[in-house]
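The structure appears right after this line, and notes come after that.
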Amino acid sequence: MLINNLGLLVNGTVQTINMVFVSAFFAGMVGLPLGVVLFITRNPHLFKKPALNAVISFIVNVIRSIPFIILLVAITPMTRMIVGTSIGTTAAMVPLAVSAIPFFARLVESALNEVPVGLTEAGLAMGATVLQIIRKILIPEARKSIVRGMTLTLITLVGYSAMAGAIGGGGLGNIAIMYGYERFEIHIMIATVVILILMVQFFQWCGDWVARKM
Amino acid sequence: MIELSNINKTFFSKHSVHHALNNINLTVLPGEIMGVIGKSGAGKSTLIRCVNLLERPTSGLVRVNNIELTELTSTQLRQARHHIGMVFQHFNLISSRTAYENIALPLELLKKSNSEIERVVLSLLEKVDLLEHRDSYPHHLSGGQKQRVAIARALATQPRVLLCDEMTSALDPETTDDILKLIRSLNQELRLSILCITHEMHVIKSIADRVAVIDRGEIVECENVVDLFKNPTAAITRRLIQSVLKSDLPEELQSQFRFEPMPDDQVVLRLTFVGQATLEPILNEFIRQTRMTISILQANIEQLRHEMIGRMIIALQYDAKQLSMMQRFLERKGLMVEVMGYVDQQSWLAR
């Protein structure tokens with residue numbers, strides 16, 4: 001019976017991977033600089049701006065405290081504005097990215113916090129600019145933690161993408177709900193869960209490998 | 001050259017005000033190694049961090065290489081910092097960069113060409129004797145090697161001034177001596193002005209020309225090292241000197257000292273010899289002339305950077321006239337004589 005649905009599962013897997021990676025890409029592109037800004041605006045040696053830090057921190061916390069399933073629905077108008085539609089895989093990418101950006105930003109911030117303060121001081125004593133300290137010292141020193149943060153973000157996105165599937169976002173989550181839950185085709189639901197488990201294991205393994213190699 | 005004048009630094013926190021530095025005046029002349037010694041919490045680290053404005057003094061002037069740092073814009077300050085090298089207690093090397101890349105960093109910041117970076121870094125690696133470790137990462141290097149890399153990095157931009165913040169405190173005694181030797185030879189070769197913060201008198205003894213003793217945020221003494229060892233005035237200085245120049249008797253003996261002589265007492269004297277006097281048979285000469293009986297309780301000799309210094313503790317029968325004669329004789333020979341106390345002969349011998 002599974003053989004008949006193989007195409008369906010492959011298609012769902014590709015859609016899930018697509019959603020996860022596109023949104024993770026935006027999480028990285030926006031989350032990394034945002035994490036850096038969160039870090040430097042709190043650091044008296046670099047670019048301490050308490051008011052700016054408080055504002056950004058507040059926004060990040062607000063987005064992070066909204067349950068994903070609600071965020072998904074709440075930003076529908078914005079989704080439609082950006083990608084022109086509010087259903088399907090492409091539409092799901094917007095809320096996924098929106099929730100992953102602050103998540104990853106906080107992980108980057110904490111990774112930078114782990115870099116010994118002495119290195120920032122050494123950079124300052126050498127006459128480095130704030131940007132040089134970030135690029136040449138902080139990010140290279142925190143790169144392992146940042147990679148681990150990205151792994152965590154990818155895995156979280158796998159879970160969220162399944163949730164997005166539940167309300168018409170496509171992917172494995174959609175298949176699990178439509179076939180497994182609504183049509184009682186238990187074996188398909190189990191198959192999707194197994195694929196999701198393998199996917200998470202694989203991401204974790206890759207992330208650990210990359211972090212070790214750096 | 002470094003000039004600090006009237007530096008004050010006060011830390012304000014919610015509940016307290018902490019005066020870390022009080023009216024500090026300190027000059028490091030061109031080519032000179034100035035040591036600053038004090039216990040932890042005395043304000044040493046704050047002081048050295050004020051020199052390159054990692055810590056901004058609450059008031060006072062900081063001049064380095066004839067530039068008034070406190071008046072610079074942040075861009076000008078960064079430029080000035082390129083000419084002030086700094087070495088830290090915990091090395092502060094970048095773990096993701098090799099020895100070579102760590103030393104290259106300050107030059108990369110200045111956007112030097114790769115060929116120039118290579119030329120400078122290789123010559124520095126040679127100078128600190130680490131050529132074969134050029135591609136090693138910090139976690140494969142020993143503490144002493146890490147500090148050598150850090151020293152080379154501090155010198156990459158050819159600064160005139162080097163700041164050393166407890167640079168040997170994380171190293172074992174043997175490695176400490178290697179690093180101190182390196183610093184001394186760099187000082188001579190490059191005519192660097194070096195400000196060196198430490199809590200170890202050993203460091204001061206080995207490399208400093210002059211020394212400032214800091215206690216509770218104030219400089220209590222600032223002297224040529226030989227003079228400081230010869231004649232320390234502040235109590236804290238005496239204690240610090242004791243740590244390298246052991247010239248105290250065991251507690252038990254000292255506890256029997258009294259400060260006024262009684263008849264038949266023994267007087268205990270501490271003699272300090274400096275330079276040539278350490279090698280001359282002065283005491284022998286004195287004994288031959290006066291036929292006095294002297295017991296030697298302790299004697300030692302230490303090498304300072306420029307001079308030798310010796311200490312001796314002796315005891316002899318107290319006699320006011322003889323004692324003053326002896327003092328005059330020894331002082332004429334250039335010795336310092338200090339009466340440590342008097343002790344009852346019977347109880348002394350009964351021990």
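A, B, ... follow the sequence lines: proteins, then strands. Residue 1 opens every chain.
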Requested in this report: Give a yes or no on this: more than 12 heavy atoms of other residues, nucleotides or ligands lie within 6.0 Å of atom CD of B:Q76.
Outcome: yes
Query raised in the report: Looking at A:R143 and B:S96, what are the two nearest heavy atoms and their distance?
Result: NH1-CB, 3.4 Å
Report task. Looking only at non-hydrogen atoms, find the nearest pair between B:L93 and A:L119 and report the distance. Result -> O-CD2, 3.3 Å
Query raised in the report: Is a donor on one side and an acceptor on the other found under 3.5 Å between the side chain of B:N92 and the backbone of A:G118?
Result: yes
Query - Nearest non-hydrogen partners of A:Q132 and B:L109, listed with the distance - result: NE2-O, 3.1 Å
Query raised in the report: Around atom CZ of A:F202, are there more than 12 heavy atoms of other residues, nucleotides or ligands at under 6.0 Å?
Result: no
Query raised in the report: What closest approach, in Å, do A:A125 and B:L54 show between heavy atoms, and which atom pair accounts for it?
Result: N-CD2, 4.2 Å
Query raised in the report: Do you know which two heavy atoms are closest between A:M126 and B:H82, and how far apart they sit?
Result: O-ND1, 2.9 Å
Query raised in the report: Below 4.5 Å, heavy atoms only, C-beta onward: do A:E121 and B:R49 meet side chain to side chain?
Result: yes
Query raised in the report: Between B:T157, B:V87, B:L77, B:L105, which residue shows the highest count of heavy-atom pairs closer than 4.5 Å to chain A?
Result: B:L105
Query - Toward chain B, the part of A:T120 with a non-hydrogen atom under 4.5 Å - result: neither
Requested in this report: Take atom CZ of A:F26 as the centre, draw a 6.0 Å sphere, and report whether it contains more than 12 heavy atoms from other residues, nucleotides or ligands.
Outcome: no
Query raised in the report: What part of B:L53 gets closer than 4.5 Å to chain A, counting heavy atoms only: side chain, backbone, both or neither?
Result: neither
Query raised in the report: More than 12 foreign heavy atoms under 6.0 Å from CD of B:E126: is that the case here?
Result: no
**Report entry** Structural part of A:P140 lying under 4.5 Å from a heavy atom of chain B
**Finding:** both
Report task. Carefully, step by step, assess A:L124 and B:N52 under the rule side chain to side chain contact (heavy atoms under 4.5 Å, CB included). Result -> CA-CA 9 Å; A:L124 289 170; B:N52 58 3; over 6 Å; no
**Report entry** Over 12 non-hydrogen atoms of neighbours within 6.0 angstrom of CG in B:L122
**Finding:** yes
Query raised in the report: Between B:S95 and A:E141, what is the shortest heavy-atom contact and its length?
Result: OG-OE1, 2.9 Å
Requested in this report: Go through the atoms of B:I84 and report whether side chain, backbone, both or neither lie under 4.5 Å from a heavy atom of chain A.
Outcome: backbone
Requested in this report: Mark yes when over 12 heavy atoms from residues, nucleotides or ligands other than B:D129 sit less than 6.0 Å from its CG; otherwise mark no.
Outcome: no
